[in-house]
Amino acid sequence: MPQTFDIVFLGTGSPLPSMDRCGAGQVVIAGDTHILVDCGWGAARRILPAGISAGQIDTAIFTHMHTDHITDFPDFLFLRWTWGATKPLRVYGPEGTREMVEGFLMALRRDIGFRLKHHAGKLHPDGIKVEVTEIPTTASPTRFLEMGGLQIESFEVDHFPVVPAFGYRVLWDGRNVVLSGDTSFCESLVAAAHGADVLVCEAMNAEMLQARITGLRGMGRELQASLFEDVPSYHLPTADVARLAKEAGVGRLVLSHLIPPIPNDGPMVGQFTAGMDAVYKGVIHVAKDMERVTIERKATS
């Protein structure tokens with residue numbers, strides 16, 4: 001019987017405000033191992049409602065240092081600690097990860113001391129500590145972590161001027177999933193996703209984004225409109241996501257980090273993916289916050 005290999009989506013949104021979608025975050029579950037991937041705004045609050053105990057997570061990895069991927073990390077640290085963590089959290093990510101973690105811990109220093117005094121002897125002092133490993137930048141997937149048959153590989157993607165920015169490939173029980181991170185179309189992602197059972201990919205609907213820009217200008221918000229105009233330079237339009245999935249021959253495509261964010265249900269879901277199925281003939285699924293997706297082996301022809 002296949003072993004558990006799931007991704008739980010904590011946040012499927014972007015920096016743009018959304019009632020339904022928090023900032024980027026997922027938990028990869030492989031057997032009994034739980035790994036947090038990114039922890040953007042609101043992601044930590046999704047952990048318990050998604051059926052996961054924060055105390056089960058002993059490893060976290062980050063794709064890059066944008067706020068919508070990191071700002072709920074302090075809340076996650078405290079959630080994990082108060083759920084009984086007794087050993088440091090292991091954190092992996094690109095250059096800049098150590099600075100990010102140390103900055104958050106410095107901001108939390110006084111509160112950590114208050115909690116230890118208030119809950120004397122109840123919280124383990126090691127449970128709030130963090131051990132950081134920064135991963136070297138490589139164009140092709142390179143293994144940096146292996147735990148009991150679970151393997152995780154990193155590769156650089158093109159999110160310029162955010163350098164470095166990573167995607168990840170996770171292999172477990174004869175199956176694999178590729179996480180794009182934030183990126184524009186790049187050959188390193190095509191190569192890493194080649195033959196993947198599942199590709200979890202960011203996606204931007206250019207027409208919907210342009211509608212937001214037009215609306216902002218109509219309200220006299222020129223600064224915000226001009227900022228939104230910069231977004232397409234380092235994200236993946238849905239047409240390119242479909243082309244990438246086709247070229248890579250992935251088994252299933254799951255869309256997350258949606259730009260702009262859309263409601264969980266209703267006609268906008270179909271509008272967001274319009275035209276993709278004319279290019280990529282596999283299953284296209286738009287993820288929701290707190291949804292669990294099982295990584296299944298792709299069908300062979």
Side-chain angles (χ1 to χ4, degrees), residues 2-12 24-40 43 47 50-52 56-64 69 76 89-94 97 133-157 159 164-183 186 188-203 236 241 244-245 248-257 282-283 285 287 291-298:
Q3 299 185 66
T4 300
F5 192 15
D6 296 338
I7 293 184
V8 177
F9 289 88
L10 305 177
T12 58
Q26 299 122 35
V27 176
V28 175
I29 303 175
D32 295 327
T33 300
H34 293 62
I35 297 177
L36 178 69
V37 184
D38 287 336
C39 197
I47 291 175
I52 298 171
Q56 296 174 289
I57 301 172
D58 291 328
T59 304
I61 62 179
F62 288 91
T63 59
H64 64 292
H69 293 254
F76 166 71
L89 177 74
R90 297 188 300 169
V91 171
Y92 298 84
T97 302
T133 300
E134 293 191 338
I135 307 166
T137 301
T138 58
S140 58
T142 303
R143 187 177 308 164
F144 67 90
L145 184 60
E146 186 166 2
M147 296 185 294
L150 172 67
Q151 301 171 14
I152 306 182
E153 302 168 341
S154 64
F155 56 93
E156 188 175 21
V157 293
H159 197 40
F166 289 169
Y168 292 107
R169 184 163 67 186
V170 185
L171 303 97
W172 168 252
D173 191 36
R175 291 164 281 165
N176 69 87
V177 57
V178 170
L179 312 175
S180 73
D182 284 15
T183 184
C186 59
S188 60
L189 177 55
V190 176
H194 181 74
D197 295 309
V198 177
L199 170 62
V200 176
C201 195
E202 70 133 86
L236 266 171
V241 175
L244 189 154
V250 303
R252 183 163 47 135
L253 178 59
V254 180
L255 305 182
S256 187
H257 196 280
V283 174
H285 178 71
E291 181 178 14
R292 182 180 294 244
V293 172
T294 296
I295 308 305
E296 299 174 341
R297 191 174 285 110
K298 76 171 190 174

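Here the structure is a predicted model, which means the values were calculated and not measured.
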Quiz item: To the nearest 0.5 Å, what is the distance between CG (L89) and CG (D58)?
Solution: 7.0 Å
Practice problem: For R90, enumerate each residue passing the salt bridge (Lys or Arg N to Asp or Glu O under 4.0 Å) test, keeping only those at least two apart in sequence or located in another chain. | Solution: none
Exercise. Search all heavy atoms of A50 against all heavy atoms of V8 and return the closest pair with its distance.
Key: CB-CG1, 3.7 Å
Quiz item: How long is the gap from CG on L179 to NE2 on H257, to the nearest 0.5 Å?
Solution: 13.0 Å
Quiz item: To the nearest 0.5 Å, how far apart are OG1 in T294 and CD1 in I7?
Solution: 10.0 Å
Quiz item: Hey, does the side chain of H285 reach the backbone of V283 with a donor-acceptor pair shorter than 3.5 angstrom?
Solution: no
Quiz item: Which of these passes side-chain contact (heavy atoms from CB on, under 4.5 Å) with L244: L253, L189, V250?
Solution: L189
Quiz item: F144 and Y168: ring-ring contact (aromatic ring centres under 6.0 Å, His included), yes or no, with the steps?
Solution: CA-CA 10 Å; F144 67 90; Y168 292 107; 5.6 Å; yes
Exercise. Check whether any side-chain heavy atom of D173 lies under 4.5 Å from a side-chain heavy atom of P2, and answer yes or no.
Key: yes
Quiz item: Under the 3.5 angstrom rule, does the side chain of W172 hit a backbone N or O of T4 as a donor-acceptor pair?
Solution: yes
Practice problem: For F9 and Q26, work out which heavy atoms get closest and say how close. | Solution: CD2-CG, 3.8 Å
Self-check item: side-chain hydrogen bond (donor to acceptor under 3.5 Å, both in side chains) assessment of D182 paired with H69
Solution: CA-CA 10 Å; D182 284 15; H69 293 254; 3.1 Å; yes
Quiz prompt | Residue list, side chain to side chain donor-acceptor pair (under 3.5 Å) with H194, at least two apart or on another chain | solution = none
Practice problem: With rounding to the nearest 0.5 Å, note down the distance linking CZ in R252 to CD1 in I295. | Solution: 6.0 Å
Self-check item: Donor-acceptor under 3.5 Å (S180 side chain, E202 main chain)
Solution: yes
Quiz item: Going through the distances and angles, do L36 and F76 end up as a side chain to side chain contact (heavy atoms under 4.5 Å, CB included)?
Solution: CA-CA 10 Å; L36 178 69; F76 166 71; 3.8 Å; yes
Exercise. Compare all side-chain heavy atoms of T133 with those of Y92 and state whether any distance is below 4.5 angstrom.
Key: yes
Quiz item: Taking atom CG of L150 and atom CG of L145, what is their separation to the nearest 0.5 Å?
Solution: 6.5 Å
Self-check item: Among D6, T33, V170, the one residue meeting side-chain contact (heavy atoms from CB on, under 4.5 Å) with V28
Solution: V170
Exercise. Mind running side chain to side chain contact (heavy atoms under 4.5 Å, CB included) on L171 and E153 for me, showing each step along the way?
Key: CA-CA 8 Å; L171 303 97; E153 302 168 341; 3.8 Å; yes
Practice problem: Kindly compute the distance separating CD1 (I57) from CD1 (I35), expressed to the nearest 0.5 Å. | Solution: 10.0 Å
Self-check item: Partners passing side chain to side chain donor-acceptor pair (under 3.5 Å) against T97 (at least two apart in sequence or in another chain)
Solution: none
Exercise. Could you pull out the closest heavy-atom pair between L255 and A203, with the gap in Å?
Key: CD2-CB, 4.1 Å
Quiz item: What closest approach, in Å, do A139 and S188 show between heavy atoms, and which atom pair accounts for it?
Solution: O-CB, 3.4 Å
Quiz item: Does any N or O in the side chain of N176 come within less than 3.5 Å of the main-chain N or O of R169, such that one atom is a donor and the other an acceptor?
Solution: no
Self-check item: Worked check of side chain to side chain contact (heavy atoms under 4.5 Å, CB included) between T59 and M147
Solution: CA-CA 11 Å; T59 304; M147 296 185 294; 4.1 Å; yes
Quiz item: Is a side-chain N or O of T142 found less than 3.5 angstrom from the main chain of S140, in a donor-acceptor match?
Solution: yes
Quiz item: Which heavy atom of C186 sits nearest a heavy atom of V157, and at what distance?
Solution: SG-CA, 4.0 Å
Exercise. May I ask you to say whether K298 pairs ionically with D197, meaning some side-chain N is under 4.0 Å from a carboxylate O?
Key: no
Quiz prompt | Derivation of the side chain to side chain contact (heavy atoms under 4.5 Å, CB included) call for V254 and V198 | solution = CA-CA 7 Å; V254 180; V198 177; 3.9 Å; yes
Practice problem: Work out which heavy atom in C201 is nearest to a heavy atom in L236; give both atom names and the distance. | Solution: SG-CD1, 3.6 Å
Practice problem: Hey, can you tell me if H64 and H159 have their rings parallel, tilted or perpendicular (30° and 60° cut-offs)? | Solution: perpendicular
